[in-house]
Every structure is written in C-alpha cells, then in structure tokens.
A.B. asks: 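Got a structure for you, written out below as structure tokens; questions coming shortly.
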Amino acid sequence: MKYFFQSDSLAANDSTAVAQLLQGAKLYEPESVKFSFETVGWTIVGVVLLLGVLVLIFLGVRNHIRNKYRREALENIRMLSGEEQRLMEVFVVLKNTAMKAFGRNKVGGLYGHDWLAFLEKTGKQVNFLDREEEFMAALYKNDRLSNEGKNKLLVNAEKWVRTHAREL
C-alpha cells in the first residue's frame, strides 16, 4: 500500500517518511478565545441560580414554620419527662399535636384503644398498644407507670411527634 504525501512536491512512500516530514512542520494554532461574563447565557444562568436559591430558602422557611407545632410538642414532652406526677400529661400534648395536624373533628372524639390505635396508625414505628393496659390504668385509674412503661411512653411520644403524617 502506498501513501502519497505532497509537501513541497515530494512524494512519500510510507508513514515513517510522512512522520519525518511533519516533525519539522510548524503547527498553526487559532487565536485564543477571550472569556467574559458579558454574554446572554451567563445572565440566564445567574438568574436561574438566584431563583433556585430563593425557592430553596422559601421552602425551608415554610417547612420551619409548618413544623413549629412539632418543636413545641417535643419541648413540652421533654419538660414533662422530668416530672413524675405530670408524666401522663404527655397524652395531652399528643392530643393537642394531633388536633393541630389532623383537625379536631378526626381526633377530638378518640380515647382509649381507638386513641392508641390512631397514634400507631399515623406514626412510623410507634408502639402504644403493646402497653395499652398499663397506659389506660395510669390515665383513667391514676395508677403509676413502671420505669419501663415511662421510658416506652416518652420514646414513643417523641417518635410519634417527629414521624407522624400530616394527613391520613
């Protein structure tokens, strides 16, 4: 196979001859392209990024405002956890929180087993029904909770406040 390369009227018969001819050749480079932010595309990118940041800030503030009731409930639960005689008021905090999230019509009439079942249904990995008898005796008969029952109540109450769905 013959290769023909014409440079100054010279014919080359193989690729090594072509390579030798090109070694001494000068490379022609185009002028460098000047970079600037003055084009329309950079303005569009800047506006889109600014709008994206503003939307993210708006969503963050809205989420923070919407979850204020959760922060207040967690603060109340933590405050009540240190007081033995007021420990059952955790259920009052849960009821108020549930009414803020689901409305008085859905939550107001729930009590006993139905109330604990509602808490389990709307929270993620929350278990109130496994200690139903102990909780009901403490609520309605004024019995004392065992240490394990107290811990279970506080852990599940905090977990429910953090993970409950806003709508059924």
A.B. asks: A side-chain contact here means heavy atoms from C-beta on lying under 4.5 Å apart; do L154 and R78 qualify?
C.D. replies: no
A.B. asks: Give, for atom CE of M99 and atom CG of N105, the distance between the pair rounded to the nearest 0.5 Å.
C.D. replies: 11.0 Å
A.B. asks: In residues 155-162, what donor-acceptor pairs under 3.5 Å come from side-chain atoms, sequence neighbours left out?
C.D. replies:
residue: N156; atom: OD1; partner: N127; partner atom: N; Å: 3.3
residue: N156; atom: ND2; partner: N127; partner atom: O; Å: 2.8
residue: N156; atom: ND2; partner: K152; partner atom: O; Å: 3.0
residue: K159; atom: NZ; partner: Q125; partner atom: O; Å: 3.1
residue: W160; atom: NE1; partner: L119; partner atom: O; Å: 3.2
residue: W160; atom: NE1; partner: T122; partner atom: OG1; Å: 2.8

A.B. asks: Determine whether L87 and V92 fall in the same hydrophobic cluster, where Ile, Leu, Val, Met, Phe, Trp and Tyr are linked whenever their side-chain heavy atoms lie under 4.5 Å apart.
C.D. replies: no
A.B. asks: How long is the straight-line distance from NE2 of H113 back to CZ of F118, given to the nearest 0.5 Å?
C.D. replies: 13.5 Å
A.B. asks: Which pair of heavy atoms, one from K124 and one from T163, lies closest together, and at what distance?
C.D. replies: N-OG1, 3.1 Å
A.B. asks: With a 4.5 Å cut-off on side-chain heavy-atom distances among I, L, V, M, F, W and Y, is there a chain of contacts connecting V48 to F37?
C.D. replies: no
A.B. asks: Any salt bridge (charged side-chain N to carboxylate O under 4.0 Å, His left out) involving residues 31-49? Give me the pairs, sequence neighbours left out, ordered by first then second residue.
C.D. replies: none
A.B. asks: R70: which residues meet the salt bridge (Lys or Arg N to Asp or Glu O under 4.0 Å) condition with it, sequence neighbours left out?
C.D. replies: none
A.B. asks: Is there a donor-acceptor contact under 3.5 Å from the side chain of N63 to the main chain of L59?
C.D. replies: no
A.B. asks: Can you sort out the partners of E120 under salt bridge (Lys or Arg N to Asp or Glu O under 4.0 Å), two or more places apart, ordered by chain and number?
C.D. replies: none
A.B. asks: In the structure I gave you, are the side-chain heavy atoms of F128 and L94 within less than 4.5 Å of one another anywhere?
C.D. replies: yes
A.B. asks: How long is the gap from CG on L153 to CE on M88, to the nearest 0.5 Å?
C.D. replies: 6.0 Å
A.B. asks: Nearest 0.5 angstrom please: M136 CE to D143 CG, how far?
C.D. replies: 12.5 Å
A.B. asks: Does the side chain of N147 pick up a donor-acceptor pair with the side chain of N151 at under 3.5 Å?
C.D. replies: no
A.B. asks: Measure across D114 and L110 and return the closest heavy-atom pair with its distance rounded to 0.1 Å.
C.D. replies: CB-CD2, 4.1 Å
A.B. asks: Run the salt bridge (Lys or Arg N to Asp or Glu O under 4.0 Å) test against E75 and tell me which residues pass, sequence neighbours left out.
C.D. replies: none
A.B. asks: Would you give the length of the straight line joining atom CG of L80 to atom CZ of F91, rounded to the nearest 0.5 angstrom?
C.D. replies: 12.0 Å
A.B. asks: Hydrophobic clustering (ILVMFWY, side-chain heavy atoms < 4.5 Å, transitive) - are V47 and V55 grouped together?
C.D. replies: no
A.B. asks: My understanding is that only residues two or more places apart in sequence, or in another chain, count here; which of them pass ring pair (Phe, Tyr, Trp, His ring centres under 6.0 Å) with Y69?
C.D. replies: H164
A.B. asks: Grab the two heavy atoms, one from A138 and one from L145, that are nearest each other, plus how far apart they are.
C.D. replies: CB-CD2, 3.8 Å
A.B. asks: Over all heavy atoms of both residues, which pair between S146 and R131 is shortest? Give the atoms and the distance, please.
C.D. replies: OG-NH1, 4.1 Å
A.B. asks: Given side chains that start at C-beta, do those of K68 and K100 come closer than 4.5 Å, heavy atoms only?
C.D. replies: no
A.B. asks: Do the side chains of L139 and Y111 join up, straight or via other hydrophobic residues, at under 4.5 Å, putting them in one cluster?
C.D. replies: yes
A.B. asks: Report the distance from atom CH2 of W42 to atom CG of L49, rounding to the nearest 0.5 Å.
C.D. replies: 9.5 Å
A.B. asks: Find out if a path of hydrophobic residues (ILVMFWY) with successive side-chain heavy-atom gaps under 4.5 Å connects V90 to M79.
C.D. replies: no
